Peer 1: 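Before we start, here is the structure in question, set down as structure tokens.
In what follows, every chain begins at residue 1, and chains take the letters A, B, ... in the order their sequences are listed. Remember, it's a predicted structure, so these values are computed and weren't measured experimentally.
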There are 2 protein chains.
Amino acid sequence: MSTVSRALNDRPEVSPTTRERVMQVASELGYRPNASARALVRRRSDTLGLIWATEYVEAGVRQPFLLDVIAGLKVAVDHSGSHLAILTTSNAGGNSFLRAAREHTIGGVVLMGIASGHPGVRALLEEELPTVGFDTPLQGRRARYVTSDNRAGAASAVKHLVELGHTRIGTVAGPEGMHSSDERLTGFVEGMRDAGLPIADGAVQHGDFFLGSGTEAMRRLLDLPERPTAVFVAGDEMAVGALHAIADAGLAVPRDISVVGFDDIEAATLVRPQLTTVRQDPLALGTALVDELLSLMADAADADSRVRALSTRLVVRGSTAPSA
Amino acid sequence: MSTVSRALNDRPEVSPTTRERVMQVASELGYRPNASARALVRRRSDTLGLIWATEYVEAGVRQPFLLDVIAGLKVAVDHSGSHLAILTTSNAGGNSFLRAAREHTIGGVVLMGIASGHPGVRALLEEELPTVGFDTPLQGRRARYVTSDNRAGAASAVKHLVELGHTRIGTVAGPEGMHSSDERLTGFVEGMRDAGLPIADGAVQHGDFFLGSGTEAMRRLLDLPERPTAVFVAGDEMAVGALHAIADAGLAVPRDISVVGFDDIEAATLVRPQLTTVRQDPLALGTALVDELLSLMADAADADSRVRALSTRLVVRGSTAPSA
DNA sequence: TTGAAAGCGCTAACAA
DNA sequence: TTGTTAGCGCTTTCAA
């Protein structure tokens, strides 16, 4: 029995002949080791945990990009040969995440849509359960986070507009205090500075990443004394909202105003004109999440790499054109 | 030890005092039973399995509505107090689904995006592992499927158009042989018949549920000798494509042509005009999936309810108007 | 109503 | 290199 166990787990002390024979018979029998028994004795399962905040789903709100990343995560987990357990998050007590993970002898978790200040996250970090967050800065000996390089992405959007000859460029930023949102705004500011362009009063408007806020923020931009000829919008959904505001004002995209979004959600290719946008790759993000978690679970700490920031790619479509 | 077990599992043979005391101490200690140990001895875990085909994700294709239902499923699982394990589906052998489930002592699975003819599904049904499919007809003693009432939904779309005074109504159907798609077409045909309206030659065009096919199918409809004044499109993404074709032809929605979609994906509210559509409720669908699976796992067979068809709701927005 | 003991299917320490 | 034994944390007979 233990020989079989050793053979199946690729231990060195089994003779090649025996190993071969074990594998042979195991496959004939269609034998699969029982994951529960294994997790019980090893005190660690081969399943990764996903902690996914879905309050917004219950409220009827959609976060299409987050869903894309979750799909990417699923694919990446498949490739790694592990499984993914979506842990229940409803009993939102202070250490409910940790408990749920321990209950299932889960060795590491991915956090999606969770603010870094969430009380449940604290317990995770203190107990040093390997944890990787998406778009959420995490501080802990066995914690990291994965994000797109929001700053560089935003700067690349500005660069694109500058190359098209635009000089009066505005932005619709996300809410203040949210990491990815702040980074995109910083990238915008840096991009403008690098191009030697001034940021006019009122050229920075904030939204909340949802459609309506994009429309409203764009309206404020259009009301500016010196109307911008190009706008970087920090999220595609708001960018679509901006498109609406522009059309309502009787202006045309990209003839009168160019618009660049961020994310590359499906809708970016459904609207007309199709949105030029800074694309985040959900599949690559999923893969990075799994890689980081697995490495965190494998070795001890590796303090110098808290963040893994993936590069974005500017996808030029129909919503940007040379400055008139 | 056994008394504690009994108390925690609400067994009748424990005295109220003891039970109370056990609960008290357990909560003080923050005790949570180990799920692996439990699954091992019970030979059944409290975790539901999700088998989710993601080949399309790897191909870069999106199925926004399916993602919405998965989010709804997650919420419903939370409410039920169980957890959800996403099983790896990459080793696509004939009984890989079954093995993955057994390996994790999972008592029942939900199938998403899997064709009913998939070899892995056969094994599931033969072994009578409780299985619930979404939009996939399943035949088995312990299998059921959940779907929206596609037929009634399509008919309600036709009814809406008829009430607006339309008589020349066409449709962009989904691919033939796909259950939901066939049902929607049947609903369209029945709706027309109930209204006493003829279906003109060429008034039924097929697409593949993706954007481009909607545009192409709509073009064919526009080329008809007697151009329809209203069109029922069996999926929102194709409906958006149809909107494009109509605009390209220099016509306006809803002035010249009314369009009704199906699903109510996010994009339906992002395009202009916003899409009138037959809404499927992803949260309700998720809840039904969990309910059915749990009931299948609880009792023996209940042969008369193979299907659970949820009603849809017509959401009237800007893409439909009275016939000119 | 409670407790003692066996065992779920594995892995790991120890002996052979 | 292989086999024997104990034990992971529970549930469930069986006895008291």
Peer 1: Roughly how many Å is it from CZ in B/Arg11 to C1' in C/dT2, rounded to a whole number?
Peer 2: 14 Å

Peer 1: Tell me: CG of A/Leu8 to P of D/dT2, nearest whole Å?
Peer 2: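 Whole-Å distance recorded here is 14 Å.
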
Peer 1: Taking CG from B/Asp46 and C1' from D/dT11, how many angstroms apart are they, rounded to a whole number?
Peer 2: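 Distance check: B/Asp46 CG to D/dT11 C1' gives 15 Å.
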
Peer 1: Is any NZ, NE, NH1 or NH2 atom of the basic residue among B/Arg142 and B/Glu128 found under 4.0 Å from an Asp or Glu carboxylate oxygen of the other?
Peer 2: no

Peer 1: In whole angstroms, how far is the C1' atom of D/dT12 from the CG atom of B/Asn9?
Peer 2: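 The distance from CG of B/Asn9 to C1' of D/dT12 comes to 11 Å, rounded to the nearest Å.
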
Peer 1: Does a side-chain N or O from A/Ser5 land closer than 4.0 Å to OP1 or OP2 of C/dT11, or not?
Peer 2: yes

Peer 1: So B/Arg19, base contact, sugar-phosphate only, or nothing? Heavy-atom distance under 4.0 Å.
Peer 2: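 Nothing: the residue B/Arg19, judged by heavy atoms under 4.0 Å, touches no strand.
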
Peer 1: May I ask you to evaluate whether A/Ser36 reaches the phosphate of C/dG9, defined as a side-chain N or O under 4.0 Å from OP1 or OP2?
Peer 2: no

Peer 1: Starting from the 5' end of DNA chain D, give me the residue, B/Tyr31 or A/Thr18, whose nearest nucleotide shows up first.
Peer 2: A/Thr18

Peer 1: Do B/Leu67 and A/Asp68 come close enough that some side-chain heavy atom pair is under 4.5 Å?
Peer 2: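 They are in side-chain contact.
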
Peer 1: For A/Arg38 and C/dA12, give me the distance from atom CZ to atom P, rounded to whole Å.
Peer 2: 10 Å

Peer 1: For a quick test of reading the model: is some side-chain N or O of B/Arg44 closer than 4.0 Å to OP1 or OP2 of C/dC8?
Peer 2: no

Peer 1: In whole Å, what is the span from the CG atom of A/Asn34 to the C1' atom of D/dC8?
Peer 2: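 It is 13 Å, rounded to the nearest whole Å.
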
Peer 1: Report yes if a side-chain nitrogen or oxygen of A/Arg43 is closer than 4.0 Å to either non-bridging phosphate oxygen (OP1 or OP2) of D/dG9; otherwise report no.
Peer 2: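 Checking D/dG9 against A/Arg43, a side-chain N or O does come within under 4.0 Å of OP1 or OP2.
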
Peer 1: Under 3.5 Å, is there any donor-acceptor pair linking the side chain of B/Arg6 to the base of C/dG3?
Peer 2: yes

Peer 1: Once you round it to whole Å, what is the distance between C1' of D/dC14 and CD of B/Glu13?
Peer 2: 13 Å

Peer 1: Using the side-chain heavy atoms of B/Val14, tell me which of these nucleotides is nearest: C/dT2, D/dC10, C/dT11.
Peer 2: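 That would be C/dT2.
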
Peer 1: Find which nucleotide of DNA chain C each of B/Pro16 and A/Met1 is nearest to by heavy atoms, and output the residue with the more 5' nucleotide.
Peer 2: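 Of the two residues, B/Pro16 wins.
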
Peer 1: For a quick check, tell me whether the side chain of B/Ser2 and the base of C/dA4 share a donor-acceptor pair closer than 3.5 Å.
Peer 2: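 Such a pair exists between side chain and base.
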
Peer 1: A/Leu29 versus A/Val25: any side-chain heavy-atom pair under 4.5 Å?
Peer 2: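 Yes. Closest side-chain heavy atoms under 4.5 Å.
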
Peer 1: Side chains of B/Glu127 and B/Arg102, heavy atoms from C-beta outward: is any pair under 4.5 Å?
Peer 2: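 The answer is yes, as the side chains (C-beta and beyond) meet within the 4.5 Å cut-off.
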
Peer 1: Tell me: CG of B/Leu40 to P of D/dC8, nearest whole Å?
Peer 2: 13 Å

Peer 1: Quick one: sort the A/Phe65 and A/Phe134 rings into parallel, tilted or perpendicular, breaks at 30° and 60°.
Peer 2: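 If you compare the ring of A/Phe65 with that of A/Phe134, the planes turn out tilted.
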
Peer 1: Check this one for me: any side-chain N or O of A/Arg42 less than 4.0 Å away from OP1 or OP2 of C/dT11?
Peer 2: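 For C/dT11, OP1 or OP2 has a side-chain N or O of A/Arg42 closer than 4.0 Å.
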
Peer 1: Just compare D/dG9, C/dC10, D/dT2 and give me whichever is closest to any side-chain atom of A/Val41.
Peer 2: C/dC10

